[in-house]
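Just passing along the structure, written as structure tokens.
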Amino acid sequence: MSNAVSALQGASFDGYCKVEEAGLVGMITLRGDLSSEGVTKAVKTATGAEMPGQGQITEGAKGRAGWMSPDELLLVVDHSKAADLVAAATKTLAKEHALVVNVSDARAVYRLTGDAVREVLAKLSPADTAVMVPGQLRRTRVAQIPAAFYLTDDQTAELICFRSVAQYAFDLLKDAVQPGSEVGIV
């Protein structure tokens, strides 16, 4: 069996904000009736987080739960525990119409840090990052690729995209944080 590696194996760049690949991150797609007790229990067991509302990401002791659509959540967990958490959630939801899939190896995650993270995201996305608050998740586009991002605090954002476009996303982010490219919009 091969060892898991992240898409860009920890690539990072320091500009007027720092961009770094977050490494191996466990991610689980959970689809089903988000108002069901079973889904709530599966989310709480996997992450320790409360159910997120529309456009939110909640944090618990073991991970995060992000609202992706009216019937879909993204659970962000420890990579090494993702397979076991999928099995546990599948068992919890066995009597419900639900889908639980480990998508960890299909995604790349970037962490952006610095005073201007909102500006960096605004350069690449149509999202109004000036009004975003920590705990708000935005599913959108970053240049030509689908992505999601959220603020963990006022100076830190995490961006998730497909692994197949990991290098493209990193290059976009690296260009957006080049010293001298600040625009002061956010």
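Here the structure is a predicted model, which is why all the values come from computation and not from measurement.
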**Message:** What I want to find out is whether Arg118 reaches Asp154 closely enough, with some N-O distance under 4.0 Å, to be called a salt bridge.
**Reply:** yes
**Message:** Can you see whether Ser12 engages Asp14 through a side-chain donor-acceptor pair at a distance of less than 3.5 angstrom?
**Reply:** no
**Prompt:** Should Val39 and Leu73 be marked as a side chain to side chain contact (heavy atoms under 4.5 Å, CB included) after you check the CA-CA gap, both sets of side-chain angles, and the distance that decides it?
**Reply:** CA-CA 10 Å; Val39 170; Leu73 298 175; 4.3 Å; yes
**Asked** Taking NZ, NE, NH1 and NH2 as the nitrogens, is one of them in Glu72 or Arg139 under 4.0 Å from a carboxylate oxygen of the other?
**Response**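 Yes, Glu72 and Arg139 are salt-bridged.
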**Considering all heavy atoms, the nearest Val120-Cys17 contact** =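 Scanning both residues, the minimum pair turns out to be CG2-SG, 4.0 Å.
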**Message:** For the CE atom of Met68 and the CG atom of Leu30, what is their distance to the nearest 0.5 Å?
**Reply:** 12.5 Å
**Prompt:** More than 12 heavy atoms of other residues, nucleotides or ligands under 6.0 Å from OH of Tyr168: is that the case?
**Reply:**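 Atom OH in Tyr168 is packed in, count exceeds 12.
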**Message:** Under the criterion side chain to side chain contact (heavy atoms under 4.5 Å, CB included), I'd like the reasoning laid out for Asp71 against Asp33: C-alpha separation, chi angles, the key distance, then a yes or no.
**Reply:** CA-CA 6 Å; Asp71 68 346; Asp33 179 356; over 6 Å; no
**Asked** How many angstroms lie between atom CG of Leu151 and atom OG1 of Thr156, to the nearest 0.5 angstrom?
**Response**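 It comes to 8.5 Å.
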**Request:** Kindly work out whether a path of hydrophobic side-chain contacts (I/L/V/M/F/W/Y, heavy atoms less than 4.5 Å apart) joins Phe170 to Val117.
**Result:**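 Same cluster: Phe170 reaches Val117 through Ile, Leu, Val, Met, Phe, Trp or Tyr contacts under 4.5 Å.
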**Prompt:** Given side chains that start at C-beta, do those of Phe149 and Thr140 come closer than 4.5 Å, heavy atoms only?
**Reply:**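 The answer is yes, as the side chains (C-beta and beyond) meet within the 4.5 Å cut-off.
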**Side-chain donor or acceptor of Gln178 paired with backbone N/O of Lys174 under 3.5 Å** =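 Here the side-chain-to-backbone pair exists.
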**Message:** Using a 3.5 Å distance criterion without hydrogens, assess whether the side chain of Glu119 forms a donor-acceptor pair with backbone atoms of Ala116.
**Reply:** no
**Leu137 to Gly66 - nearest heavy-atom pair and separation** =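 Shortest heavy-atom separation between Leu137 and Gly66 comes out as CD1-CA, 4.5 Å.
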**Message:** Show the nearest heavy-atom pair for residues Trp67 and Gly55, with the distance to one decimal.
**Reply:** CE3-N, 3.3 Å
**Prompt:** Do Met132 and Leu173 sit in the same hydrophobic cluster, where Ile, Leu, Val, Met, Phe, Trp and Tyr count as joined when their side-chain heavy atoms come under 4.5 Å apart?
**Reply:** yes
**Message:** Is there a path of hydrophobic side-chain contacts, each under 4.5 Å between heavy atoms of I/L/V/M/F/W/Y residues, joining Ile160 to Ile57?
**Reply:**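 Cluster IDs for Ile57 and Ile160 match.
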**Asked** So, for Leu93 and Ala42, which heavy atoms are closest and what is the spacing to 0.1 Å?
**Response**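 It is CD1-CB, 4.2 Å.
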**Message:** Please evaluate residues Thr113 and Gln155 with respect to the criterion side chain to side chain donor-acceptor pair (under 3.5 Å), reporting the C-alpha separation (whole Å), side-chain torsions for both, the decisive distance (0.1 Å), and the verdict.
**Reply:** CA-CA 5 Å; Thr113 53; Gln155 295 187 341; over 6 Å; no
**Message:** Ignoring hydrogens and geometry beyond distance, is a side-chain donor-acceptor pair present between Tyr150 and Gln56 at under 3.5 Å?
**Reply:** no
**Prompt:** What are the two closest heavy atoms between Tyr110 and Ala166, and how far apart are they?
**Reply:** OH-O, 2.5 Å
**Message:** Could you go through Leu112 and Lys18, starting from their C-alpha distance and side-chain angles, then the distance that decides it, and tell me whether this counts as side chain to side chain contact (heavy atoms under 4.5 Å, CB included)?
**Reply:** CA-CA 6 Å; Leu112 291 81; Lys18 183 175 184 173; over 6 Å; no
**Message:** Donor-acceptor pair, distance only, cut-off 3.5 Å: does the side chain of Glu21 make one with the backbone of Ala7?
**Reply:** yes
**Item:** Non-hydrogen side-chain atoms of Ile145 and Phe162 separated by less than 4.5 Å
**Value:**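 They are not in contact (no side-chain heavy atoms under 4.5 Å apart), so the answer is no.
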**Prompt:** What residues, two or more places apart in sequence or in another chain, satisfy salt bridge (charged side-chain N to carboxylate O under 4.0 Å, His left out) together with Glu59?
**Reply:**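 For Glu59, the residues satisfying salt bridge (charged side-chain N to carboxylate O under 4.0 Å, His left out) (neighbours in sequence not counted) are Arg64.
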**Message:** Distance alone, cut at 3.5 Å: any donor-acceptor contact between the side chains of Ser181 and Lys123?
**Reply:** yes
**Asked** Do NZ/NE/NH1/NH2 and the carboxylate oxygens of Glu50 and Lys44 come within less than 4.0 Å?
**Response**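 Yes, this pair counts.
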**Prompt:** What are the two closest non-hydrogen atoms of Leu34 and Met51, and how far apart are they?
**Reply:** O-CE, 3.2 Å
**Request:** Could you walk me through whether Leu121 and Leu159 pass the side chain to side chain contact (heavy atoms under 4.5 Å, CB included) test, one step at a time?
**Result:** CA-CA 9 Å; Leu121 293 169; Leu159 182 139; 4.1 Å; yes
Give every donor-acceptor pair under 3.5 Å between a side-chain atom in residues 94-104 and any protein atom, sequence neighbours left out.
unit_1 : atom_1 : unit_2 : atom_2 : d
Glu96  : OE1    : Ser36  : OG     : 2.8
Glu96  : OE2    : Ser36  : OG     : 3.4
Glu96  : OE2    : Gly38  : N      : 3.4
Asn102 : OD1    : Ser104 : N      : 3.0
Asn102 : OD1    : Ser104 : OG     : 2.6
Ser104 : OG     : Met27  : N      : 2.8
Ser104 : OG     : Met27  : O      : 3.4

For residues 75-87, tabulate all N or O donor-acceptor pairs below 3.5 Å that involve a side-chain atom, not counting sequence neighbours.
unit_1 : atom_1 : unit_2 : atom_2 : d
Asp78  : OD1    : Ser80  : N      : 2.8
Asp78  : OD1    : Ser80  : OG     : 2.4
His79  : NE2    : Asp105 : OD1    : 3.2

